[in-house]
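Worksheet: one structure, shown below.
Note that the coordinates shown come from a computational prediction; the quantities given were computed from them, not determined experimentally.
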Amino acid sequence: MLSLTNIKIVLIETSHTGNMGSAARAMKTMGLTQLCLVNPIIKPDSQSISLAAGASDIIKNAQIVNSMEEAIAECEMVIGTSARSRHLQWPHLESYQCGEKIVAELQQGHKVALVFGRERVGLTNEELQKCHYHVSIPANPEYSSLNLAMSVQVLCYEIRRTIIQFNQQPQQINEANDYPKDMDIERFYQHLQQTLINTGFINVNHPGQIMGRLRRLFTRARIEQQELNILRGILTSVDKQQKN
């Protein structure tokens with residue numbers, strides 16, 4: 001049985017508490033319960049409880065953290081929502097593929113974060129680079145405006161629809177891959193950046209462009225825990241040579 005508690009809906013710097021309540025209601029109708037609020041402009045209040053309707057328990061139990069890094073630290077898969085094309089292309093999912101990808105992760109017992117950005121500007125490029133995939137909703141190109149709760153509803157529906165299909169099919173046991181948690185990946189990127197600075201490969205004042213492309217490379221490869229350990233070992237070996 002797939003555990004829906006392994007799916008975390010993350011809202012970044014939400015400015016309207018009513019959107020928190022509406023998002024919670026959208027989640028509960030689809031069976032999701034784990035809500036995380038990252039640095040909300042206003043903490044949940046009576047309006048969020050009111051618009052949550054029968055989902056006030058999700059609002060009351062929501063995790064509130066100060067950063068996206070803290071919200072996704074324990075997750076093996078992170079998917080960020082993005083409505084617009086970015087200069088640096090990233091692995092992309094359509095909304096239905098998002099449901100399929102998440103269910104595949106749940107089969108392996110992994111924790112997944114589905115991240116939504118600010119009401120006006122969405123997620124920053126830096127935040128999107130912390131995601132394994134970007135997902136968009138194929139709305140009417142002549143009027144593609146979806147508010148936060150609508151976006152949460154659509155993607156939560158895709159997850160539920162895929163889970164229903166999964167439960168109706170004969171169950172197969174898939175070999176689980178041991179993927180690192182996000183916090184371990186971030187430690188690797190910090191180590192990689194410092195080593196590349198020490199060797200003179202990147203400029204200490206302008207590491208962003210190269211590190212962004214390296215993030216995309218390793219994200220696309222989806223490295224496993226053992227592979228990450230090898231890469232950290234290589235960096236440690238380089239560091240030792242630099243000190244000699």
Would you name the heavy atoms of [X] and [Y] that are closest together and state the gap between them?
{"X": "Phe116", "Y": "Ile9", "answer": "CE1-CG2, 3.8 Å"}
{"X": "Thr17", "Y": "Pro44", "answer": "CG2-CA, 4.4 Å"}
{"X": "Leu155", "Y": "Ser95", "answer": "CD2-CB, 3.7 Å"}
{"X": "Ala23", "Y": "Val152", "answer": "O-CG1, 3.9 Å"}
{"X": "Leu214", "Y": "Leu192", "answer": "CD1-CD2, 4.0 Å"}
{"X": "Val38", "Y": "Ala71", "answer": "CG2-CB, 3.8 Å"}

For [X] and [Y], indicate whether the former's side chain and the latter's backbone hold a donor-acceptor pair under 3.5 Å.
{"X": "Asp57", "Y": "Lys60", "value": "no"}
{"X": "His132", "Y": "Val78", "value": "yes"}
{"X": "Thr162", "Y": "Glu158", "value": "yes"}
{"X": "Lys130", "Y": "Glu69", "value": "no"}
{"X": "Trp90", "Y": "Thr219", "value": "no"}

Checklist entry - Charged N to carboxylate O under 4.0 angstrom, Lys101 versus Glu94? => result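 Looking at Lys101 and Glu94, the cut-off is not met.
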About how many Å separate [atom2] of [Y] and [atom1] of [X], when rounded to the nearest 0.5 Å?
{"X": "Glu76", "Y": "Gln225", "atom1": "CD", "atom2": "CD", "value": "9.5 Å"}
{"X": "His191", "Y": "Ile234", "atom1": "NE2", "atom2": "CD1", "value": "11.0 Å"}
{"X": "Asp182", "Y": "Met77", "atom1": "CG", "atom2": "CE", "value": "11.5 Å"}
{"X": "Ser22", "Y": "Leu51", "atom1": "OG", "atom2": "CG", "value": "4.5 Å"}
{"X": "His92", "Y": "Gln97", "atom1": "NE2", "atom2": "CD", "value": "8.0 Å"}
{"X": "Gln190", "Y": "Met211", "atom1": "CD", "atom2": "CE", "value": "9.5 Å"}

Next on the checklist: Please enumerate all residues that pass side-chain hydrogen bond (donor to acceptor under 3.5 Å, both in side chains) together with Ser15, with sequence neighbours excluded.
Outcome noted: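 For Ser15, the residues satisfying side-chain hydrogen bond (donor to acceptor under 3.5 Å, both in side chains) (neighbours in sequence not counted) are Glu119.
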Next on the checklist: Checking Lys111 now: which residues fulfil side-chain hydrogen bond (donor to acceptor under 3.5 Å, both in side chains) with it, not counting sequence neighbours?
Outcome noted: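 With neighbours one apart ignored, the set is empty.
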Checklist entry - Run the side chain to side chain contact (heavy atoms under 4.5 Å, CB included) check on Arg220 and Arg216 step by step: do they pass? => result CA-CA 6 Å; Arg220 193 166 58 237; Arg216 183 175 65 164; 3.7 Å; yes
Side chains of [Y] and [X]: any donor to acceptor distance under 3.5 Å?
{"X": "Asn125", "Y": "Gln129", "value": "no"}
{"X": "Thr195", "Y": "Gln242", "value": "no"}
{"X": "Asn19", "Y": "Thr14", "value": "no"}

Would you kindly confirm whether [X] and [Y] end up in one hydrophobic cluster when ILVMFWY residues are joined by side chain heavy atoms under 4.5 Å apart?
{"X": "Leu231", "Y": "Ile197", "answer": "yes"}
{"X": "Val204", "Y": "Leu235", "answer": "yes"}
{"X": "Leu228", "Y": "Tyr179", "answer": "no"}
{"X": "Met150", "Y": "Ile159", "answer": "yes"}
{"X": "Leu217", "Y": "Ile202", "answer": "yes"}

With side chains defined as the heavy atoms from C-beta onward, is the minimum distance between [X] and [Y] less than 4.5 Å?
{"X": "Glu127", "Y": "Arg118", "value": "yes"}
{"X": "Phe201", "Y": "Ile210", "value": "yes"}
{"X": "Ser48", "Y": "Asp45", "value": "yes"}
{"X": "His16", "Y": "Gln47", "value": "no"}
{"X": "Val10", "Y": "Met68", "value": "no"}
{"X": "Glu105", "Y": "Asn6", "value": "no"}
{"X": "Thr29", "Y": "Gln153", "value": "yes"}
{"X": "Cys156", "Y": "Ile7", "value": "no"}

Item to check | Heavy-atom neighbours of Gln226 CD exceed 12 at 6.0 Å | outcome: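 Incorrect, the count does not exceed 12.
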Checklist entry - Relative to Tyr96, does Arg161 satisfy both conditions: NZ or CZ under 6.0 angstrom from the six-membered ring centre, and within 45 degrees of the ring's axis? => result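 Because its charged atom misses either the 6.0 Å distance or the 45° angle limit, Arg161 does not stack over Tyr96.
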Item to check | Candidate pair Ile79 and Cys131, rule side chain to side chain contact (heavy atoms under 4.5 Å, CB included), full reasoning | outcome: CA-CA 5 Å; Ile79 300 176; Cys131 303; 6.0 Å; no
Item to check | Qualifying residue, where the test is side-chain hydrogen bond (donor to acceptor under 3.5 Å, both in side chains) with Lys8 and the options are Gln34, Gln63, Glu74 | outcome: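 Running side-chain hydrogen bond (donor to acceptor under 3.5 Å, both in side chains) over Gln34, Gln63, Glu74 with Lys8 returns exactly one hit, Gln63.
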Next on the checklist: So, using ring pair (Phe, Tyr, Trp, His ring centres under 6.0 Å) as the criterion, who are the partners of Phe218 when residues are at least two apart?
Outcome noted: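 Phe218: ring pair (Phe, Tyr, Trp, His ring centres under 6.0 Å) contacts with Phe188.
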